[in-house]
Amino acid sequence: MLLSKILDKIEYEGINFSDTDISDIVYDSRKVKENVMFVCLRGARFDGHSYAENAYKDGCRCLMVEEKMNIPDDCVQIVVKNTRASLAVAAVNLFEHPCDELKIIGITGTKGKTSSAHLVKALLDASGMKCGIIGTVGAYYDDVKIPTVNTTPESYELQKIFRIMADNGCKACVIEVSSIGLMAHRVDGITFEVGVFTNLSPDHIGPNEHPDFADYMYWKSVLFERCRFAVVNNDDPAYEEMLKNCKAPVTTYGIEKADIIAKDVKLLKNNKFIGISFDCIENDSKYYVEVALPGLFNVHNALAAIGVCKALGISAKENIDCLKEIRVRGRAECVYVSDDFDVIIDYAHNGISMKSMLDTLKSYPHNRIIALYGAVGGRTQLRRKELGLITGKECDLSILTSDDPDFEDPNDIIKEIGKYVEEAGGKYVGIADRGEAVEYALSIMEKGDILLLAGKGHEQYMKIKGEYVPFSEKEHIENFKRKRAQK
């Protein structure tokens, strides 16, 4: 594609400009080759401008920069105000505006993005609107998985994925939109057909993230300046702040007073299913909804998905039975092991999400609640205190283990969390090897117990000393089942 076409709608100064043919855009200097444009991004740890000379030596003759570089004159330099924002527009152009062929549904909020996105996808697929998904558990459509790194991928990856989905028959894509994704211009150039707000609580506040809660909240709200329709949880007090600059028609959902309401909420549980049911009141219509995901928060998530259907002019009522079979990998995921007890895998990895998950599980009939979890190495110590105090108070037993310890000794992390478990009056067992910990936990389960495997969720690796080592909790569950069957 001609460089001028890639730069359409970007304000720039061209140095040594030549309307050359560009085969691709890269922002990782290790991927540089001839006929590509290398975009110099500034990050928290690296500045792409420092790799410009290396990119030139590797054959690159086109750079996008924020300042003129000392590079030979046979290299085109495209000087822009912000390379991240410009990369987003360039990617839209390179992949020939794939969002014009898709209805993009963006979901933002502190919790519930992943589950809500899967509920939306299920309803749209059931209605005949083939839908892709991009988020924490990756990107995929049908049975095709597309590798990703971040919850909200970099703008280039996003536009590339949209193009793949559009070319393969998708008519919609639901995407988890993180505050960092908005702040870092990853979703620039996208007009969202529907923007969804789930809830808000303090998160991602600290170095290289948001300086304070107000900044976090502001960047969440930006989504609603870029959508044609808004669907918001008006049970959450932050919903008005989300809509302060929103010009789009708004659909509200909630338990009490909203456009879409849940009534007569019930908890459902057997040894292979843990979920919720409710009557949905939408306009003058009332219909029964059953969802194979547990807890009150999944009532809200289901209502959000119904709200998306309403905004798109699709009948959720006609397709609602699909939610009886829904499974979200690593999100309150029920894994069958025995008729006697329940095992739940969930991504809960901070105080808020752990408390929410434990409150949910305790609302169902149970004997003991046992939580198995760890804490990431090299991160805030406050999270360890929160987790320890919460499980010490709420659980009958905490099994402390590894969760991406990286360069920290996992036994030190266990001891640190353990003192807070005991401070809250709880009991704990420490087993550094997470596989061994999972199998130990299963071996001590009693009739009516609920075991929560928290923190890893959908992840299939463990970060140890800088290396990503393959790890699957489900593999250890299956190993336990095999050993038990052989006895």
Side-chain angles (χ1 to χ4, degrees), residues 103-120 123 135-136 151-152 174-183 187 190-205 210 212-263 265 276 278 280-283 289 291 293 295-312 316 331 350 352-353 355-356 359-360:
K103 292 187 182 299
I104 308 297
I105 299 101
I107 301 180
T108 199
T110 304
K111 298 177 291 183
K113 295 188 294 296
T114 300
S115 296
S116 296
H118 282 79
L119 290 161
V120 169
L123 283 172
T136 309
T151 295
T152 308
V174 58
I175 172 175
E176 296 178 46
V177 184
S178 66
S179 57
I180 300 298
L182 286 156
M183 185 173 70
V187 295
I190 301 172
T191 297
F192 293 89
E193 188 70 18
V194 185
V196 180
F197 168 64
T198 60
N199 51 65
L200 198 73
S201 55
D203 200 11
H204 296 291
I205 298 169
H210 298 285
D212 51 40
F213 183 55
D215 189 72
Y216 174 61
M217 184 161 47
Y218 165 74
W219 282 108
K220 290 286 189 187
S221 74
V222 168
L223 173 64
F224 300 95
E225 301 173 20
R226 304 179 184 180
C227 60
R228 295 191 176 99
F229 298 93
V231 175
V232 299
N233 174 11
N234 69 344
D235 285 344
D236 191 286
Y239 88 95
E240 291 182 335
E241 186 69 20
M242 292 297 107
L243 297 175
K244 64 181 181 181
N245 295 316
C246 177
K247 306 298 183 186
V250 177
T251 297
T252 59
Y253 64 90
I255 304 297
E256 295 293 333
K257 184 179 179 181
D259 298 320
I260 303 172
I261 299 173
K263 293 286 189 183
V265 176
I276 46 94
F278 59 91
C280 181
I281 314 298
E282 181 183 358
N283 298 330
V289 179
V291 185
L293 295 171
L296 182 62
F297 55 89
N298 276 311
V299 175
H300 281 95
N301 294 338
L303 291 174
I306 292 167
V308 170
C309 290
K310 180 180 176 68
L312 294 175
R331 294 302 190 280
N350 58 31
I352 293 170
S353 56
K355 180 68 163 63
S356 177
D359 285 347
T360 294

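FYI, the numbering just counts along the sequence from 1.
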Once side-chain hydrogen bond (donor to acceptor under 3.5 Å, both in side chains) is applied, do any residues pair with Lys111, and if so which ones, sequence neighbours excluded? none

Report yes or no: does [X] contribute a side-chain atom to a donor-acceptor pair with the main-chain N or O of [Y] at less than 3.5 Å?
| X | Y | result |
| --- | --- | --- |
| Thr152 | Glu176 | yes |
| Ser353 | Asn350 | yes |
| Ser356 | Ile352 | no |
| Thr114 | Thr136 | no |
| Lys220 | Gly109 | yes |
| Asn298 | Asn301 | no |

From [X] [atom1] over to [Y] [atom2], what is the distance, rounded to the nearest 0.5 angstrom?
| X | Y | atom1 | atom2 | answer |
| --- | --- | --- | --- | --- |
| Phe297 | Ser115 | CZ | OG | 7.0 Å |
| Ser178 | Trp219 | OG | CH2 | 11.5 Å |
| Leu296 | Ile276 | CG | CD1 | 8.5 Å |
| Met242 | Asn199 | CE | CG | 10.5 Å |
| Leu303 | Thr198 | CG | OG1 | 12.5 Å |
| Asp235 | Thr252 | CG | OG1 | 9.0 Å |

Minimum side-chain heavy-atom gap [X]-[Y] below 4.5 Å:
| X | Y | value |
| --- | --- | --- |
| Phe224 | Thr108 | yes |
| Leu123 | Leu119 | no |
| His300 | Ile255 | yes |
| Ile105 | Phe192 | no |
| Ile261 | Glu256 | no |
| Ile260 | Cys280 | yes |
| His118 | Val174 | no |
| Leu182 | Arg226 | yes |

Closest non-hydrogen atom pair, [X] against [Y]:
| X | Y | result |
| --- | --- | --- |
| Ala248 | Ala230 | CB-N, 4.2 Å |
| Glu225 | Asn245 | OE2-ND2, 3.4 Å |
| Val231 | Ala311 | CG2-CB, 4.3 Å |
| Asn234 | Lys257 | ND2-O, 2.8 Å |

Regarding Asn233 and Asp236, is there a side-chain donor-to-acceptor distance under 3.5 Å anywhere?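 No, no side-chain donor-acceptor pair sits under 3.5 Å.
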
Polar side chain donor-acceptor pair, Tyr216 to Thr110, under 3.5 angstrom: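 Per modelled atom types, Tyr216 and Thr110 side chains form a pair under 3.5 Å.
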
Where do Ile107 and Phe197 land on the side chain to side chain contact (heavy atoms under 4.5 Å, CB included) test, with the steps shown first? CA-CA 6 Å; Ile107 301 180; Phe197 168 64; over 6 Å; no

Apply side chain to side chain contact (heavy atoms under 4.5 Å, CB included) to residues Leu312 and Val194 and explain how you reach the verdict. CA-CA 8 Å; Leu312 294 175; Val194 185; 3.9 Å; yes

side-chain contact (heavy atoms from CB on, under 4.5 Å) involving Ala304 - partner list, sequence neighbours excluded: Ser116, Val196, Tyr253

With sequence neighbours left out, what residues match Glu241 under salt bridge (Lys or Arg N to Asp or Glu O under 4.0 Å)? Lys244

What verdict does the side chain to side chain contact (heavy atoms under 4.5 Å, CB included) test give for Arg331 and Leu293, after you've listed the backbone C-alpha separation in whole Å, the side-chain angles of each residue and the deciding distance to 0.1 Å? CA-CA 8 Å; Arg331 294 302 190 280; Leu293 295 171; 5.7 Å; no

Could you walk me through whether Met183 and Asp215 satisfy the side chain to side chain contact (heavy atoms under 4.5 Å, CB included) test, starting with their C-alpha distance in whole Å, then the side-chain angles of each, then the deciding distance to 0.1 Å, before giving a yes or no? CA-CA 10 Å; Met183 185 173 70; Asp215 189 72; 4.0 Å; yes

